[in-house]
Amino acid sequence: MEARKVLPRKDGRVIIHFDYDCFYAAVFEAKNPSLKGLPFAVQQKHIIVTCNYEARRRGLHKLQLINEARRTCPDVIIELGEDISKFRDASKELYNFIKQYSWNGRIERLGFDEVWMDVTDIVDYNLETINRHDLDHSFFYTSRDDLTEGFDFDATIHAGHTYPKDAVSNLSEDGTLNEKDLRLKLGSHFAMFVRHQLEQHKGYSSTVGIATNKLLSKLVGNLKKPKGQTTLRPIDSIDSNSSSVIDFMDAHEIGKVPGIGFKLAQKLRELVLQRATDRDPGYSGIKEHVTVSQVRIHPDIDCDKLEKLLGGPGSPHGIGYTVWCLLHGIDDSEVSQARSVPRQISIEDSYIRLDTMPELLKELNVLARSLLKRMRIDLLCDTDDFGGSSDDTAGDDNHASKSSLAGKRWLAHPKTLRLTTRPRMPMQVDGTRMRTMKRISHSCPLPNFVFGLHESVDALAEKLVRESLLSMFRKLHPEKSWWNLSLVNLAVTNMAEAAGESRTANGRNIGNMFKRQEDVLKDYRVTEADDAVPSNAVVDGVYDTTRENVVVGPMPENKDEDSGWIEDDSIGAATDYCHTCGSSVPPFAMIAHQRFHSPALR
DNA sequence: CAGGGTTAAT
DNA sequence: ATTAACC
């Protein structure tokens, strides 16, 4: 390994990061706009998960206890947000909306309320056509195909705010630096435009950051929190003695840097504060505010030392180098391509107390049902009807509410089923409870019967619990050990995409093209500018979307994996029911089943 | 370190 | 197959 000098940041890209403002609250407000002026919060279990800005003005904040919130603001309106399906739906809708403005498909979601977009290609295209002698009367092309689509803008300035606040605007005259700056200016105007479309057509406001990589774009957006946008201009002095990026990163608390989570942050703090962050007898609430600069300045900080400190069993290789890069604002990770199917589907719930078999079985059934429903929503698509639409006209086939399943096929088959629990730690002698959030999990092949569309979700869920989940649970919590769960999570992972899979066409397996449903955008006309929008950036555009969305990616290599899932040979017709847990158990297995219960009951 | 997740990298 | 990290 070489002693690296300043390996330069790559500033060749333009990345936009969107963050929808108080998203959960905004979803409720979109449906019920009268909430907007009122203090409004969304509750999950006993906490406020988010609240709108009116509520924040009155002293509420995220992750606040309900009681405390009501005391602080008796007028607050609270809605329950434990069922997250509407948030998921809204998130997908907004994501798909933004995606229409992407040319290269590099658009990535993080959680429900954040999206990155790599607009390098769009910026470069516009850079080629822009008139450098009349920058303040520029036109931004938002479509390659239709040159009437776009908006007027002033390319001499950034849209919105910038990080070096009012940086030396035209400091460098030598092409390269200005070119960098110009690219980000274009990016900022495009960001303003998309953000504006979002607000006009979907009713959601967002906060955005524009920079040359994912890390910086996300962080810089935070500077103007509600409804703002900020561009980070990478300005390095010629002698490398000063850098806006370094300055920007330096001020951050170490744990605020994306990619440095709880554990890494703790280790870095220990390094800087020498060995005493937590559990320091004598001190309880020390200020453990360690900044990026403190770590970066620290003598023991180079890639190798960091690797020794942070690397270990279970950590990714090269973590030291990665962290070193993050501290310096370097992040070469790509904005990932939009995917047509998720990598994983999981659902979970948490419990105050879950320590008996009947309760567990009930909860497993509930979770399994939701999981199967979600699989049918996210993984099932209409089988291609060739032009002549299949009876989707008036004739609702026999009342069938399940009619929708008729012509459906699976876009992907998850191959793995995973059960995760978070055991509640037993009480200690002093009555305290070792706080541990650790999860444990067990996985197994997902039985193929779950893909059957003729059986009801309820029936399939029961079968899944009986034939897979119970034995998995037993491996996580072996007999003899008493358990009390604070969380149960069920997931299907390891998606095998079924691209050209054709079981029906014997022998004939023509590579089938499938076109994604195209979102049909009506023509839009924008008339209003956002607060932060400079008046000259008012956009006036007409859009049409004939976006081809070809699914690229590895061919499915569909290994067998279909054809005859062998039933668990020990499962016969279940005729008896367990008196303890109520599950149906084949007679020959009842003895073992009972044994399963008894030691657990102490 | 709350709650209901998702993703990436072992 | 399991965990860390992120929202």
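These figures come from a predicted structure and were not determined experimentally. A, B, ... follow the sequence lines: proteins, then strands. Residue 1 opens every chain. Both backbone and side-chain heavy atoms feed into the values below; hydrogens, waters and symmetry mates do not.
Counting only residues at least two apart or on different chains, the salt bridge (charged side-chain N to carboxylate O under 4.0 Å, His left out) pairs with a member in residues 58-84 of chain A are A:E54-A:R58, A:R58-A:D75. Sorted by first and then second residue, the ring-ring contact (aromatic ring centres under 6.0 Å, His included) pairs involving residues 54-83 of chain A (not counting sequence neighbours) form an empty list.
For the pair A:L268 CG and C:dA5 C1', the computed distance is 14 Å after rounding to whole Å. Atom P of nucleotide C:dT2 and atom CZ of A:R422 are separated by 18 Å, given to the nearest angstrom. Separating the CG atom of A:D113 from the P atom of C:dC6 is a distance of 15 Å, rounded to the nearest angstrom. Between the C1' atom of B:dG5 and the CD1 atom of A:I377 lies a distance of 15 Å, rounded to the nearest Å. In this structure, CZ of A:F23 is placed 13 Å from C1' of B:dG5, rounded to the nearest angstrom. Computed from coordinates, the A:M495 CE to B:dA8 P distance equals 12 Å when rounded to whole Å. In this structure, A:I347 atom CD1 and B:dG3 atom P are separated by 16 Å, rounded to whole Å. A straight line from CZ of A:R439 to C1' of C:dA4 spans 11 Å, rounded to a whole angstrom.
Salt-bridge formation is detected for the pair A:E253/A:R269: a Lys NZ or Arg NE/NH1/NH2 atom is positioned less than 4.0 Å from an Asp or Glu carboxylate oxygen.
In the region residues 71-88 of chain A, proximity to DNA chain B at under 4.0 angstrom, judged on heavy atoms, holds for A:E82, A:I84, A:R88.
With the nearest nucleotide of DNA chain B identified for both A:V49 and A:S336, A:V49 has the one nearer the 5' end.
Looking at heavy-atom distances under 4.0 Å, A:D19 makes no contact with the nucleic acid at all. When heavy atoms are screened at a 4.0 angstrom cut-off, A:L63 is found touching base atoms of the nucleic acid. Here A:V488 lies out of heavy-atom contact (under 4.0 Å) with every strand. Residue contacts shown for A:E114 are limited to sugar-phosphate atoms, with no base heavy atom under 4.0 Å away. Residue A:I440 is classed as a sugar-phosphate contact, given heavy-atom separations below 4.0 Å to backbone atoms only. Among the protein residues, A:S443 comes within range of the nucleic acid bases, having at least one heavy atom under 4.0 Å from a base atom. At the heavy-atom level, A:L487 lies nowhere under 4.0 Å from the strands shown.
With C:dA5, C:dC7, B:dA8 as the choices, the nucleotide that has an atom nearest any side-chain atom of A:R339 turns out to be B:dA8. Side-chain atoms of A:Q344 lie closest to B:dT6 of the nucleotides C:dT3, B:dG3, B:dT6. Considering only the side chain of A:R374, B:dG5 comes nearest among B:dG5, B:dG4, C:dT2. Taking the side chain of A:N489 as heavy atoms from C-beta on, and the options B:dT6, B:dT7, C:dT2, the nearest nucleotide is B:dT6. Distances from the side chain of A:K45 to the nucleotides B:dT7, B:dG4, C:dT3 place B:dG4 closest.
Side-chain nitrogen and oxygen atoms of A:K218 include at least one within less than 4.0 Å of the OP1 or OP2 phosphate oxygen of C:dC7. For A:R418 and C:dT2, the shortest distance from a side-chain N or O to OP1 or OP2 is not below 4.0 Å. OP1 and OP2 of B:dG5 both lie 4.0 Å or more from every side-chain N or O belonging to A:S346.
Taking the P atoms as reference points, B:dG3 lies 22 Å from B:dT7, given to the whole Å. Only the C1' atoms considered, B:dG5 is 15 Å distant from B:dC1, to the nearest whole Å.
For A:F112 and A:F87, the gap between ring centers reaches or exceeds 6.0 Å.
With hydrogens and angles ignored, the 3.5 Å screen pairs no side-chain donor or acceptor of A:N52 with any backbone N or O of A:A25.
The salt bridge (charged side-chain N to carboxylate O under 4.0 Å, His left out) search around A:R106 returns A:E334, not counting sequence neighbours. Under the salt bridge (charged side-chain N to carboxylate O under 4.0 Å, His left out) criterion, A:K10 pairs with A:D332, not counting sequence neighbours. Considering only residues two or more places apart in sequence or on other chains, A:E359 meets the salt bridge (charged side-chain N to carboxylate O under 4.0 Å, His left out) condition with none of them.
For the residue pair A:S102/A:N104, the side-chain donor-acceptor check at 3.5 Å is satisfied.
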